[in-house]
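My questions all concern the structure below.
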Amino acid sequence: MIRKIIYTIIFMSFISNNNSNLMAQVKNPRNIESNWKTDTTKHIAELSEFTVALPRGAFPKIDFPVFMDKEKGLKEFYAQEPVISVDIDGEAKAYSLNMLSIHEISNDTLNGVPILATYCPLCNSGIIFDRRLKFEGQDWLLKFEVSGMLRNSDMVMFDRQTESWWQQLMGQAMVGKLAGAELEMLPSLIISVEEFFERYPKGKILSKENGDQESQAYYGTNYYAKYDSIGNSPWGKYFDVELLDDRLPAMERIVDIESEKGHKIYPFSVIEKKGVIND
């Protein structure tokens, strides 16, 4: 029994040291302290591709937030303010991008489905995921937070259950116990507040009362002003600009469609001119 305990201690010490050595590969230009329980020995992306931009917990989390109806929503928000909207079997919710710029994610439920609303301002990518996961024969109901790290200038999330690191754009776990797992993306739209309530008169919009006083003070503040102007490039400290594809401007907004044969993208600048593209 004693020998087994000693072997266990040695093994756990080895794993801990190995994790520490691997964590040293993560780019951390500002030497921000972090304390992760992530199993970094399991990864499908190089740890050197991750950059610590802000401390863990820098983005105030929202869990199962409060919403408001159409009457209050149209008074509280600008009519043309963009939101991420999601509809599940006739019930709809909207999340203001102004608010998600401060929080970036919200754990929520809609019509009984556990969902995750996400927004990365650096990518202008708003995506809704199903928080339920079946991976390697095990069922998970995950809750997420923002890690403070970026990969390819995109927000990296982590689940509280295993502290695995997830790429927001793909909904895929890149590092940790769940490395290789993928969340199901749910259909969603980026539309205005006004259009949301025209489509969904009984829909609900995320209330500003969810944030603490500090968060509320920053709603509507754009920390990324002109960042996504068409002539700009991603910030070099968070992205290897040598990897940029020169066929389109780096900040061109696109529609990305995935099929079994791969991806096709459609630039907004082309869609604006053509109106409709049959393909």
Run Arg253 and Asp228 through salt bridge (charged side-chain N to carboxylate O under 4.0 Å, His left out) and show every step you take. CA-CA 9 Å; Arg253 299 190 183 196; Asp228 60 353; 2.5 Å; yes
Nearest heavy-atom pair of Gln168 and Asp154: which atoms, and what distance?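 Distance-wise, the nearest heavy atoms are OE1-OD1, 2.8 Å.
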Under 6.0 Å from the CG atom of Asp245, do we count more than 12 heavy atoms belonging to anything else shown?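 Yes.
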Grab the two heavy atoms, one from Ser85 and one from Ile191, that are nearest each other, plus how far apart they are.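 In this case the closest contact between Ser85 and Ile191 is OG-CD1, 3.6 Å.
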Ring geometry between Phe67 and Tyr95 (parallel below 30°, tilted from 30 to 60°, perpendicular above 60°):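 Plane angle over 60°, so perpendicular.
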Using the test ring-ring contact (aromatic ring centres under 6.0 Å, His included), find all partners of Phe158 that sit at least two apart in sequence or belong to another chain.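 For Phe158 the ring-ring contact (aromatic ring centres under 6.0 Å, His included) partners, ignoring immediate neighbours, are Trp36.
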Please say yes or no: joined through hydrophobic side-chain contacts below 4.5 Å, possibly via intermediate residues, are Tyr223 and Leu150 part of one cluster?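 Hydrophobic grouping puts Tyr223 with Leu150.
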Side chains of Ser192 and Glu81: any donor to acceptor distance under 3.5 Å?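 Side chains of Glu81 and Ser192: no pair found under 3.5 Å.
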To check you understand the geometry: which heavy-atom pair defines the closest contact between Ile32 and Ala53, and what is its length?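 Of all heavy-atom pairs spanning Ile32 and Ala53, the closest is CD1-O, 3.7 Å.
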Any side-chain donor near an acceptor of the partner, Tyr227 and Asn222, under 3.5 Å: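 On atom types as modelled, these side chains do not qualify, holding no pair under 3.5 Å.
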Are there over 12 heavy-atom neighbours, none belonging to Tyr218, within less than 6.0 Å of that residue's OH?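 Counting neighbours around OH of Tyr218, 12 or fewer heavy atoms of other residues, nucleotides or ligands fall under 6.0 Å, so no.
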Interatomic distance, Lys27 atom NZ to Leu47 atom CG [nearest 0.5 angstrom]: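 Here the interatomic distance stands at 12.0 Å.
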Test Val52 against Arg30 for side-chain contact (heavy atoms from CB on, under 4.5 Å), laying out the working first. CA-CA 8 Å; Val52 180; Arg30 297 166 59 193; over 6 Å; no
Closest non-hydrogen atom pair, Ser153 against Leu122: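 Closest approach of Ser153 to Leu122: O-CB, 3.4 Å.
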I want to check something: taking the side chain as every heavy atom from C-beta on, are Leu74 and Val193 in contact at a cut-off of under 4.5 Å?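 Yes, close enough: below the 4.5 Å cut-off.
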Which distance, rounded to the nearest 0.5 Å, do you find between the CD1 of Ile62 and the CD of Glu145?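 Result: 12.0 Å between the selected atoms.
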Considering all heavy atoms, the nearest Glu71-Lys75 contact: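 The answer is O-CG, 3.4 Å.
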Does His263 reach the side chain of Ile257, with side-chain heavy atoms less than 4.5 Å apart?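 No, too far: nothing below the 4.5 Å cut-off.
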Which residue in the set Asp130, Asp108, Thr109 passes side chain to side chain contact (heavy atoms under 4.5 Å, CB included) when paired with Ile115?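 Among the candidates, only Asp108 passes.
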4.5 Å side-chain heavy-atom contact, Lys208 and Met99: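 With C-beta onward as the side chain, the pair touches.
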Just checking, any donor-acceptor pair under 3.5 angstrom between side chains of Thr118 and Glu104?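 Judged by distance alone, the side chains do not pair up.
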How about Phe129 and Glu184: do any of their side-chain heavy atoms sit closer than 4.5 Å?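 A side-chain contact is absent here, since even the closest heavy-atom pair is not under 4.5 Å.
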Is Trp166 close to Glu182 at the side-chain level, that is, under 4.5 Å between some pair of heavy atoms?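 Heavy-atom side-chain distance check fails, nothing below 4.5 Å.
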Nearest non-hydrogen partners of Ile102 and Pro60, listed with the distance: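 Residues Ile102 and Pro60, closest heavy atoms: O-CD, 3.7 Å.
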Quick one, Ile84 and Leu189 - any side-chain contact, counting heavy atoms below 4.5 Å?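 Heavy-atom side-chain distance check fails, nothing below 4.5 Å.
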Could you tell me the separation between the CD atom of Glu49 and the CG atom of Asn152, rounded to the nearest 0.5 Å?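 Atom-to-atom, Glu49:CD and Asn152:CG are 6.5 Å apart.
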Tyr200: ring-ring contact (aromatic ring centres under 6.0 Å, His included) partners, not counting sequence neighbours: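 Scan of Tyr200 (ring-ring contact (aromatic ring centres under 6.0 Å, His included), adjacent residues dropped) gives Phe196.
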So for atom CD, which belongs to Glu272, do other residues, nucleotides or ligands contribute more than 12 heavy atoms lying within a distance under 6.0 Å?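 No, not enclosed.
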So, Asn98 versus Tyr78: side-chain donor-acceptor pair below 3.5 Å or not?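 No, because no side-chain N or O of Asn98 sits under 3.5 Å from a partner of the opposite role on Tyr78.
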Are a donor atom and an acceptor atom from the side chains of Gln25 and Glu46 found within less than 3.5 Å of each other?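 No donor-acceptor contact under 3.5 Å links the two side chains.
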What's the spacing between Ser125 OG and Met155 CE if we round to 0.5 Å?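 Answer rounded to 0.5 Å: 7.0 Å.
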Residue pair Val270 / Ile277, side-chain heavy-atom distance below 4.5 Å: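 Answer yes - side chains close enough.
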Show, in sequence, the C-alpha distance, side-chain angles and deciding distance for Phe135 and Trp140, and conclude whether the ring-ring contact (aromatic ring centres under 6.0 Å, His included) test is met. CA-CA 8 Å; Phe135 184 63; Trp140 298 85; 8.5 Å; no
Sequence neighbours excluded - side-chain hydrogen bond (donor to acceptor under 3.5 Å, both in side chains) pairs with any residue from residues 53-65: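 Applying side-chain hydrogen bond (donor to acceptor under 3.5 Å, both in side chains) to every pair that reaches into residues 53-65, excluding sequence neighbours, yields Arg56-Glu163, Asp63-Asn107, Asp63-Arg160.
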How far does CG of Asp159 sit from OG of Ser147, to the nearest 0.5 angstrom?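 Result: 11.5 Å between the selected atoms.
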Kindly compute the distance separating OH (Tyr119) from CD1 (Ile127), expressed to the nearest 0.5 Å.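 Result: 11.5 Å between the selected atoms.
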Between Glu76 and Met68, does a side-chain contact (heavy atoms from CB on, under 4.5 Å) hold up when you go through it step by step? CA-CA 9 Å; Glu76 190 72 22; Met68 58 178 58; 3.9 Å; yes
Check for me, please, whether Val255 and Met185 land in the same ILVMFWY cluster - side-chain distances under 4.5 Å, paths through other members count.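 No, separate clusters.
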Establish, from distance only, whether the side-chain atoms of His103 and Tyr219 form a donor-acceptor pair under 3.5 Å.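 Side chains of His103 and Tyr219: pair found under 3.5 Å.
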Answer yes if the side chains of Thr38 and Thr40 hold a donor-acceptor pair under 3.5 Å, and no otherwise.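 No donor-acceptor contact under 3.5 Å links the two side chains.
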Test log, rule salt bridge (charged side-chain N to carboxylate O under 4.0 Å, His left out), inputs Lys134 and Asp139: CA-CA 5 Å; Lys134 189 176 186 65; Asp139 292 321; 3.3 Å; yes
Is any side-chain heavy atom of Leu110 less than 4.5 Å from a side-chain heavy atom of Val86?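 Yes, their side chains come closer than 4.5 Å.
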